[in-house]
Amino acid sequence: MGQKKSWSDLSSGQQTAVIVGGAVELVLTTVALVDLVRRPREQVRGPKPLWCASFVVQPVGPIAYLLVGRRRSPAA
């Protein structure tokens with residue numbers, strides 16, 4: 001098993017990738033959470049608390065909610 005690297009051991013490209021990845025996860029989770037809070041219960045597949053708890057599993061939880069957790073609203 002490899003030795004643990006500190007932040008200063010990473011190249012600038014690796015540091016940038018970590019920052020960008022973290023920012024993408026933060027935005028994705030925020031979008032999913034805001035949508036979950038605003039969406040009526042009838043338009044969510046499954047219980048809202050369960051979806052909220054799934055958001056801690058990065059990045060699978062927010063992506064799963066956005067792809068399969070939301071019901072389409074009926075066309076007006």
- prompt: Are R71 and E42 close enough that some pair of their side-chain heavy atoms sits under 4.5 Å apart?
  reply: no
task: Determine, using the 4.5 Å side-chain heavy-atom cutoff (strictly less than), whether V60 and V68 are members of one ILVMFWY cluster.
output: no
- request: Might you point out which heavy atoms bring L36 and C52 nearest each other, and give the distance in Å?
  value: CD2-N, 3.8 Å
statement: Of all heavy-atom pairs linking Q58 and T29, the shortest is NE2-OG1, 2.8 Å
- request: Evaluate whether atom CZ of R41 has more than 12 neighbouring non-hydrogen atoms of other residues, nucleotides or ligands under 6.0 angstrom away.
  value: no
message: Quick test of your reading: applying salt bridge (Lys or Arg N to Asp or Glu O under 4.0 Å), list the pairs with at least one residue in residues 47-57, sequence neighbours left out, ordered by first then second residue.
response: none
query: Does anything in residues 20-39 pair up under salt bridge (Lys or Arg N to Asp or Glu O under 4.0 Å), and if so which pairs, sequence neighbours excluded?
result: D35-R39, D35-R70
query: Is there a path of hydrophobic side-chain contacts, each under 4.5 Å between heavy atoms of I, L, V, M, F, W or Y residues, that connects V34 with F55?
result: no
query: So if you build clusters from Ile, Leu, Val, Met, Phe, Trp, Tyr with side-chain heavy-atom gaps below 4.5 Å, do L10 and I19 land together?
result: yes
message: Can you confirm whether V44 sits close enough to Y65 that some side-chain heavy atom of one is under 4.5 Å from a side-chain heavy atom of the other?
response: yes
task: Identify the heavy atoms of P59 and P62 that sit nearest to each other, and give their distance.
output: O-CD, 3.5 Å
query: Considering all heavy atoms of both residues, which atom of W51 and which atom of G69 are nearest to each other, and what is their separation?
result: CZ2-CA, 3.4 Å
statement: When rounded to the nearest 0.5 Å, the distance separating CD of Q3 from NZ of K5 is 10.0 Å
query: Are L66 and L28 close enough, and set up right, to give a side-chain contact (heavy atoms from CB on, under 4.5 Å), and what steps lead you there?
result: CA-CA 9 Å; L66 293 171; L28 188 62; 3.7 Å; yes
query: Got a sec, which residues hit side-chain contact (heavy atoms from CB on, under 4.5 Å) with V20, two or more places apart in sequence or on another chain?
result: T16, V24
